[in-house]
Amino acid sequence: MTKNKRKYFTTTLPYVNARPHIAHAREFVQADVFSRFYQEMGFDTFLNTGTDEHGLKIFRKAQEEGLDAREYGKIQAQHFIDLAEQLNMKYDAFIRTADEKHVKAAQEFWKRCDENGCIYKKAYKIKYCVGCELEKTDSELVDGHCPDHPNQEIEIIDEENYFFKFSAFQEKLLDFYKKNPDFVKPEKRFREIISFVENSLEDFSISRVKNKMPWGVEVPNDPEQVMYVWFDALVNYISTINWPQDEENFKKWWPVVQFCGKDNLRQQTAMWQAMLMAASLPTSEMVFVNGFVTVDGQKMSKSIGNVIDPMEMIEKFGTDATRYLLVSIGSFGEDSDTSWEKLIEKYNADLANGIGNLVSRIVTLYQKTDKKLFNEEEISSRMAGSSKGEIVKLLEEGKLENILVSIKIRIAYLDGKIEERKPWELIKTDIELFEEEMAELVKVLFEIALMIKPFMPKTSEKIQKSLINKEKINLFPRFLEK
RNA sequence: CGCGGGGUGGAGCAGUGGUAGCUCGUCUGGCUCAUAACCAGAAGGUUGCAGGUUCGAAUCCUGCCCCCGCAACCA
């Protein structure tokens with residue numbers, strides 16, 4: 001298994017019914033930072049992202065805008081492609097579920113599940129409140145009406161759908177979880193899904209009648225039905241690496257390390273894994289589950305007007321600073337709050353006053369000697385082997401923000417060191433000692449530059465260059481506005 | 001008894017059994033190489049409440065109180 005050091009990462013595909021928001025951006029960067037870290041460690045990596053474009057919501061949204069669903073999806077997908085580019089996300093594939101290769105893969109996947117006896121057809125009869133757009137159980141109804149919409153009649157939806165035998169996978173899933181104690185991070189989410197699966201699983205509907213909901217992947221051998229959006233969307237993780245046509249490529253990369261939000265816990269860590277089992281394919285490698293991001297303590301909402309547009313962040317702070325800030329929001333797995341004010345504060349503290357100012361003061365001092373006081377190749381090769389154990393441990397727990405903390409500690413160490421040794425005085429009294437001290441400063445700063453590379457690749461390069469050429473740079477100008 | 005998350009110095013958060021830490025802010029002092037930046041020191045907490053387990057609890061158990069999501073622009 002370790003013969004080829006390889007890692008395959010994927011974000012969850014954003015559903016294209018809205019513009020990208022800050023949490024999408026965070027997940028993109030998170031996956032990208034992981035991928036870059038493993039590249040640094042000599043792994044072959046594959047990074048997938050894309051867009052989920054089928055389903056009723058998209059169909060209606062497209063209608064509202066007077067567009068064909070396919071056309072609408074294409075326009076929306078472009079926003080996410082632009083975001084990925086602007087974030088300097090080095091993705092290897094951007095899969096759209098409307099892509100022909102994905103549609104074919106989803107159909108083949110369906111067939112395999114069907115052949116293995118995991119799909120069956122049955123009448124699907126539910127009580128439905130149009131006001132809520134939700135199924136209602138008898139226990140939820142008051143006098144036969146929805147308590148939230150007492151004036152609307154409950155509709156009975158009665159159609160034949162295909163179902164996935166989720167219930168048949170309870171034991172297998174639990175067994176799988178038991179054998180893979182690190183499958184879901186953080187642990188509390190793992191406990192949550194285990195208890196969900198232990199509580200009994202219900203088969204779920206995986207298709208819709210086509211004439212009611214035409215925008216989806218056609219069910220094989222039944223042109224009257226299309227797949228429920230979840231069923232086809234999840235298959236993207238394998239269709240993107242060319243399953244089933246290119247078995248070799250699939251074997252090269254699979255299984256995948258996934259990132260998702262806590263609202264996706266069931267789909268990614270239980271349903272999808274059961275689906276893979278049903279198709280006789282190996283399960284995912286692991287799943288990192290993020291908490292939610294709120295803005296000023298509230299859910300992001302257009303009506304409240306507190307949406308933070310990641311593109312606006314990039315405009316304001318630049319690509320690398322935005323990447324840094326996104327990773328710094330909260331701590332992994334927890335819900336966290338942010339705001340423009342907090343972002344600016346963090347930017348000033350860590351980037352302008354921290355690394356930016358440090359580079360500035362060291363380079364100015366360094367310019368006062370003609371000697372070259374460090375060997376970049378020596379440092380690079382030494383860094384390649386050192387302290388990786390600690391980083392791998394943090395990566396495996398998903399705690400990118402803790403890696404940033406260890407970088408901040410080094411920055412503070414250098415600021416303190418400069419204060420203590422006062423090189424600006426030494427230069428007047430003892431040039432040799434000055435050079436000795438400077439050598440240490442420059443070396444550690446170069447190490448810091450290498451450490452931040454996965455987070456801020458361009459900044460890393462700029463600092464390295466600045467040290468090699470002794471050129472002053474202003475990395476992160478301080479924000480004075482509120 | 002719907003499900004889930006959370007309550008730790010002024011603010012935001014770490015910390016899952018062993019002297020309560022970090023960032024921001026505040027105050028005092030220092031420094032001038034630097035992006036009005038940087039450094040040192042200080043003030044500030046009975047860790048929501050009440051019990052319990054333990055030599056020892058923010059951390060485990062029980063009960064209670066309060067806040068926030070689950071109704072979307074979904075990660």
Student: Can you tell me how far P in B:U46 sits from the matching atom in B:G41, rounded to whole Å?
Tutor: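 Roughly 24 Å separates the two P atoms.
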
Student: When you look at CD of A:Glu65, are more than 12 heavy atoms from neighbouring residues, nucleotides or ligands closer to it than 6.0 Å?
Tutor: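 Yes, the 6.0 Å shell around CD holds more than 12 heavy atoms from other groups.
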
Student: Both A:Gly354 and A:Arg266 contact RNA chain B. Taking the nearest nucleotide for each, which residue is further toward the 5' end?
Tutor: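 Upstream on the strand: A:Arg266.
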
Student: So what does A:Gly291 touch, heavy atoms closer than 4.0 Å: a base, only the sugar-phosphate, or nothing?
Tutor: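 Touches a base.
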
Student: Touch check for A:Lys472, heavy atoms < 4.0 angstrom, all strands: base, sugar-phosphate only, or nothing?
Tutor: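 Here A:Lys472 touches the backbone only, sparing every base.
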
Student: Once you round it to whole Å, what is the distance between P of B:U32 and CD of A:Glu425?
Tutor: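 So the two atoms are 6 Å apart, to the nearest Å.
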
Student: May I ask you to verify if any side-chain N or O of A:Ser331 is less than 4.0 angstrom from the OP1 or OP2 atom of B:A14?
Tutor: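 Checking A:Ser331 against B:A14: at least one side-chain N or O falls below 4.0 Å of OP1 or OP2.
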
Student: Among B:A14, B:G15, B:G12, find the nucleotide with the atom closest to the side chain of A:Lys399.
Tutor: B:G15

Student: Among side-chain atoms of A:Thr364 and A:Lys472, is any donor-acceptor pair under 3.5 angstrom?
Tutor: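 Judged by distance alone, the side chains do pair up.
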
Student: Please state the C1' separation for the pair B:U19 and B:G7 - nearest whole angstrom.
Tutor: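 Roughly 25 Å separates the two C1' atoms.
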
Student: Using a heavy-atom cut-off of 4.0 Å across all strands, would you classify A:Arg189 as base, sugar-phosphate, or nothing?
Tutor: sugar-phosphate

Student: A:Phe190 CZ to B:G5 C1': how many Å, rounded?
Tutor: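 From A:Phe190 CZ to B:G5 C1': 20 Å.
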
Student: Regarding A:Asn290, tell me which of base, sugar-phosphate or nothing describes its non-hydrogen contacts under 4.0 Å with the strands shown.
Tutor: nothing

Student: Over how many whole Å does the gap from A:Arg361 atom CZ to B:A34 atom C1' extend?
Tutor: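 From A:Arg361 CZ to B:A34 C1': 6 Å.
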
Student: Given B:U32, B:U35, B:G5, identify the nucleotide with an atom nearest to the side chain of A:Ala352.
Tutor: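 Closest nucleotide among those given: B:U35.
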
Student: Mind checking the P distance from B:G25 to B:A11? Whole angstroms is fine.
Tutor: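 Straight-line distance between the two P atoms is 16 Å.
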
Student: Across the strands shown, which category fits A:Phe292 at heavy-atom distances under 4.0 angstrom: base, sugar-phosphate, nothing?
Tutor: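 Since a base atom lies under 4.0 Å of A:Phe292, the category is base.
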
Student: Could you let me know what B:C38 is paired to, Watson-Crick or G-U wobble, both distances under 3.5 Å, or none if it's on its own?
Tutor: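 Paired with B:G30.
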
Student: Look at the side chain of A:Asn474 and decide which nucleotide, out of B:U35, B:G69, B:G5, has an atom nearest to it.
Tutor: B:U35

Student: For A:Trp340 and B:A11, what is the distance between atoms CH2 and C1' respectively, to the nearest whole Å?
Tutor: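 Distance check: A:Trp340 CH2 to B:A11 C1' gives 21 Å.
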
Student: What is the per-nucleotide protein-contact pattern of nucleotides 22-29 of chain B, from the 5' end, where B denotes a base atom under 4.0 Å from a protein heavy atom, S denotes such proximity for sugar-phosphate atoms only, and - denotes neither?
Tutor: --S-----

Student: To the nearest Å, give me how far apart CD1 (A:Ile411) and P (B:C33) are.
Tutor: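 In whole Å, B:C33 P lies 22 Å from A:Ile411 CD1.
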
Student: So does A:Lys393 have more than 12 non-hydrogen atoms from other groups sitting under 6.0 Å from NZ?
Tutor: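 No, the 6.0 Å shell around NZ holds no more than 12 heavy atoms from other groups.
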
Student: Determine the contact category for A:Leu358: base if any of its heavy atoms lies under 4.0 Å from a base atom, sugar-phosphate if only primed atoms, P, OP1 or OP2 are that close, otherwise nothing.
Tutor: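 Answer is nothing: A:Leu358 stays at 4.0 Å or more from every strand.
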
Student: Between atom CD1 in A:Ile473 and atom P in B:U35, what is the gap in whole Å?
Tutor: 12 Å

Student: Hey, which of A:Tyr228, A:Phe109, A:Trp230, A:Phe169 is the one that makes ring-ring contact (aromatic ring centres under 6.0 Å, His included) with A:Phe164?
Tutor: A:Phe169

Student: Could you state the NZ-C1' distance from A:Lys422 to B:C38, rounded to the nearest angstrom?
Tutor: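 After rounding, the gap between these two atoms is 11 Å.
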
Student: Between the protein and nucleotides 6-9 of chain B, list every N/O to N/O distance that falls short of 3.5 Å.
Tutor:
| from | atom 1 | to | atom 2 | distance (Å) |
| --- | --- | --- | --- | --- |
| B:G6 | OP1 | A:Lys188 | NZ | 3.0 |

Student: Taking only the C1' atom of each, what is the distance from B:C60 to B:U53 in whole angstrom?
Tutor: 8 Å

Student: Looking at every strand, decide which applies to A:Asp415 at a 4.0 Å heavy-atom threshold: base, sugar-phosphate, or nothing.
Tutor: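 Here A:Asp415 touches the backbone only, sparing every base.
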
Student: Hey, is A:Asp320 close enough to A:Lys462 for a salt bridge, meaning N to O under 4.0 Å?
Tutor: no

Student: Return the 5'-most residue of the pair A:Phe259, A:Lys342 with respect to RNA chain B, ranking by each residue's nearest nucleotide.
Tutor: A:Lys342

Student: Using atom C1' in both nucleotides, what's the gap between B:G21 and B:U16 to the nearest angstrom?
Tutor: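 The same atom, C1', in both gives a distance of 15 Å.
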
Student: Answer yes if the side chains of A:Asn236 and A:Thr97 hold a donor-acceptor pair under 3.5 Å, and no otherwise.
Tutor: no

Student: I'd like the P distance from B:C22 over to B:C39, given in whole Å.
Tutor: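 After rounding to an integer number of Å, I get 14 Å for this pair.
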
Student: What interatomic distance, in whole Å, is found between P of B:U23 and the corresponding atom of B:A40?
Tutor: 10 Å

Student: Of all the heavy-atom pairs spanning A:Leu56 and A:Tyr15, show the shortest one and how long it is.
Tutor: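 Here A:Leu56 and A:Tyr15 meet closest at N-OH, 4.2 Å.
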
Student: Testing the 3.5 Å rule here: is there a donor-acceptor pair between the side chains of A:Gln464 and A:Ser460?
Tutor: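 Yes, because at least one side-chain N or O of A:Gln464 sits under 3.5 Å from a partner of the opposite role on A:Ser460.
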
Student: Can you name the nearest heavy-atom pair linking A:Pro255 to A:Glu285, along with the distance?
Tutor: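 Between these two residues, the closest heavy atoms are CB-N, 3.5 Å.
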
Student: Is it the case that more than 12 heavy atoms not belonging to A:Lys470 sit under 6.0 Å from its NZ atom?
Tutor: yes

Student: Between B:C39 atom P and A:Trp424 atom CH2, what is the distance in whole Å?
Tutor: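 Going from A:Trp424 (CH2) to B:C39 (P), I get 11 Å.
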
Student: Determine the interatomic distance between C1' on B:G29 and the same-named atom on B:C67; round to the nearest Å.
Tutor: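 One C1' to the other, the span is 41 Å.
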
Student: Which side-chain N or O atoms in residues 439-456 of chain A pair as donor and acceptor under 3.5 Å with protein atoms at least two apart or in another chain?
Tutor:
| from | atom 1 | to | atom 2 | distance (Å) |
| --- | --- | --- | --- | --- |
| A:Glu440 | OE2 | A:Tyr413 | OH | 3.3 |
| A:Glu447 | OE2 | A:Arg382 | NH1 | 3.3 |
| A:Glu447 | OE2 | A:Arg382 | NH2 | 3.2 |
| A:Lys453 | NZ | A:Glu40 | OE2 | 3.3 |

Student: Who is the Watson-Crick or G-U wobble partner of B:A71, with both distances under 3.5 Å?
Tutor: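 Across any shown strand, B:A71 pairs with none.
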
Student: Does A:Phe476 reach a base, just sugar-phosphate, or nothing at all? Heavy atoms under 4.0 Å.
Tutor: base

Student: Mind listing the closest non-hydrogen atom pair of A:Pro181 and A:Phe190 along with its distance?
Tutor: O-CE2, 3.4 Å

Student: Report yes if a side-chain nitrogen or oxygen of A:Asn353 is closer than 4.0 Å to either non-bridging phosphate oxygen (OP1 or OP2) of B:C38; otherwise report no.
Tutor: yes

